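To start, the structure under review is shown below, and the notes come after it.
The residues of the chain are indexed from 1 along the displayed sequence. All values reported here derive from a predicted model rather than from experimental measurement.
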Amino acid sequence: MITWDQVFAWRMRRHLLDRPARGTSAVEVAHRLCGVQAQVASSAEQAITARQAEPPAGQVAKALLDRDLVKTWAMRGTLHLLPPADVPALLALMAATKTWEKPVWQRNFVTAAQLTAIAEAASAALDGAILTREQLTQAVLEHSSDPTLAEHLVSGWGSVLKPLAYQGLLVYGPSDGNRVTFTRPDTYLDGWPGLPDPADAARVAIPAYLGAYGPASPEAFNQWITRGVLRKTDLKKWYADLTADGVLTAVDVDGTAAYALTSELDAIATARPFDEVRLLPAFDQYVLGPGTQDKQLIGAGRRAEISKAAGWISPVVIHRGRVAGVWESDGDTVSVRLFRERSDVPKTQIQAEATRITGGTPAVEIVVG
């Protein structure tokens, strides 16, 4: 039987939170984590630098400009930074949900016919082109002759553009000053293969997820990628096939049934305790991967302190692989609140992390509650 202590010790290293190697690139970090959530650009940058020994300045902007990373709406309908090669499988599973075909979605946004018109117009306008949101909106309105689409297209939430992203018809292009741009992946990214069949996508996405967040249940994967929308019968078959092929193994973690990568079983079972402290930024993948309802990661009764109003995910203190508190910084002071049940966190390590994050010698205030 595997223990949760072993799981968390293994996960910390899989997440590069032991910072084992110099020269780990932003692309390598994004690949290892199955993407980095980028709703808040600064948090995405911090999530990457938290896993690097010597973070190079401007690395994310450069990777996006060089097309080594791409930004698009992916898991859970949120913006992510992803290596281009990782995008098709993840999007294929998002597209398989067809959430935009549901009546409730169409009542809140646009009809099926309107979305088809948007997709056709956007595809034509973005063929080999990079357009700002305003330019894309104008192109769609001219093509469709439907002025009612304007309010949906200019929305910063991008609700009517997300289905296009899921189907591989649209990704973000390079920023134009402070304005976002869009383009087509097949004309922007070298060797774009299109989206695979969902079953083939699952054979890529499920092992990738478990390589960062395992051992975990199929339900945890479903919540991570689509907020639980994938069909349970499909999930059951995909996991059964991967297990029959020896890619996955069913395991018991302190009495909880889960799946792990077969290739990582020995590493999990022999993982050494990881006692170092890490201060991770808002929206960090270490929390988002298992999800904020994971009581092994986030203690019972503490979820509301991590998952806040309007979808905000707090910066967290990690000790022994578990969430031990929350923190914030104004640049001069790093304020930490440790959960009383996790208050044995080494204070000297908190200071070291605060120094690393700010690049100076900030005041550190620690309370327990």
Side-chain angles (χ1 to χ4, degrees), residues 11-13 15-30 32-33 36-64 69 71 79-81 175 178 274-289 292 297-298 302 305-308 310-340 342-369:
R11 277 190 199 168
M12 290 290 281
R13 292 180 174 88
H15 272 249
L16 302 171
L17 290 171
D18 55 342
R19 304 179 187 132
R22 300 181 186 279
T24 303
S25 72
V27 176
E28 291 166 325
V29 172
R32 177 70 70 93
L33 304 186
V36 175
Q37 185 163 310
Q39 294 286 119
V40 178
S42 60
S43 293
E45 185 101 30
Q46 290 165 12
I48 291 170
T49 60
R51 292 160 169 87
Q52 296 174 313
E54 296 177 337
Q59 59 179 328
V60 170
K62 183 177 187 305
L64 286 168
L69 285 176
K71 182 188 290 189
L79 284 172
H80 277 75
L81 302 177
S175 295
N178 61 356
F274 190 92
D275 200 46
E276 294 181 39
V277 175
R278 294 291 180 257
L279 300 186
L280 300 183
F283 301 99
D284 195 84
Q285 300 303 125
Y286 191 81
V287 172
L288 293 173
T292 58
L297 175 65
I298 300 170
R302 294 295 188 178
E305 298 169 73
I306 311 302
S307 182
K308 312 288 278 188
W312 180 263
I313 305 298
S314 298
V316 294
V317 182
I318 301 292
H319 183 226
R320 295 175 184 157
R322 295 168 170 86
V323 174
V326 295
W327 66 277
E328 60 184 14
S329 174
D330 62 7
D332 297 321
T333 302
V334 174
S335 302
V336 175
R337 184 164 62 83
L338 297 177
F339 300 154
R340 66 175 59 86
R342 304 269 186 210
S343 60
D344 60 340
V345 178
K347 308 305 187 290
T348 55
Q349 291 197 32
I350 293 176
Q351 179 69 63
E353 278 288 278
T355 297
R356 172 186 166 83
I357 288 166
T358 62
T361 53
V364 176
E365 298 176 348
I366 301 174
V367 298
V368 176

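Of the possible polar contacts, none joining the R32 side chain to the H15 backbone as a donor-acceptor pair under 3.5 Å is found. Remark: side-chain polar atoms of Q37 are not paired, donor with acceptor, to backbone N or O of Q285 under 3.5 angstrom. Put simply, the side chain of Y286 gets close to the backbone of G321: a donor and an acceptor are under 3.5 Å apart. A distance-only check finds no donor-acceptor pair linking the side chain of K308 to the backbone of I306 [under 3.5 Å]. Of the possible polar contacts, none joining the W327 side chain to the S335 backbone as a donor-acceptor pair under 3.5 Å is found. Side-chain N or O atoms of Q46 include none that pairs as donor or acceptor with a backbone N or O of P281 at under 3.5 Å. Not a single donor-acceptor pair under 3.5 Å links the side chain of D284 to the backbone N or O of V287. A distance-only check finds a donor-acceptor pair linking the side chain of S314 to the backbone of E305 [under 3.5 Å].
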For the pair T24 and R51, evaluate side-chain contact (heavy atoms from CB on, under 4.5 Å) and give the outcome as yes or no after the intermediate values.
CA-CA 8 Å; T24 303; R51 292 160 169 87; over 6 Å; no
Residue pair R337, E328: steps toward the side-chain contact (heavy atoms from CB on, under 4.5 Å) verdict:
CA-CA 9 Å; R337 184 164 62 83; E328 60 184 14; over 6 Å; no
Given the rule in the side-chain contact (heavy atoms from CB on, under 4.5 Å) test, do L279 and R356 qualify, once you have shown the distances and angles that lead to the verdict?
CA-CA 10 Å; L279 300 186; R356 172 186 166 83; over 6 Å; no
As a quick check of understanding, evaluate side-chain contact (heavy atoms from CB on, under 4.5 Å) for V60 and L81, giving each step before the final call.
CA-CA 9 Å; V60 170; L81 302 177; 3.7 Å; yes
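Closest approach of A354 to V334, counting heavy atoms only: CB-CG2, 3.8 Å. When all heavy atoms are compared, the tightest approach of A50 to L17 is O-CD2, 3.9 Å. The two atoms that bring H319 and A324 nearest to each other are CB-CB, 4.1 Å, heavy atoms only. Nearest heavy atom pair, residue T358 against residue P362, reads OG1-CD, 3.2 Å. Closest approach of K71 to L64, counting heavy atoms only: N-CD2, 3.9 Å. Residue F283 comes nearest to S43 through the heavy atom pair CD1-OG, 4.1 Å, listed as atom of the first residue, atom of the second, then distance.
Exactly one residue among V277, L338, V336 makes a side-chain contact (heavy atoms from CB on, under 4.5 Å) with K347. That residue is L338.
Two residues are said to be in side-chain contact when any heavy atoms from C-beta on lie closer than 4.5 Å; S307 and I313 meet this criterion. Side-chain contact between T333 and V364 is absent, with no heavy atoms from C-beta onward closer than 4.5 Å. Inter-residue side-chain proximity for E276 and R19 is flagged as unmet; no heavy-atom pair is nearer than 4.5 Å.
If you take CG on D332 and OG1 on T361, they are separated by 10.0 Å, rounding to the nearest 0.5 Å. Between the CG atom of L69 and the NZ atom of K62 there is a distance of 11.0 Å, given to the nearest 0.5 Å. Atom CD in Q349 sits 12.0 Å away from atom CD in Q351 (nearest 0.5 Å). A distance of 12.0 Å separates CZ in R320 from CE in M12, rounded to the nearest 0.5 Å.
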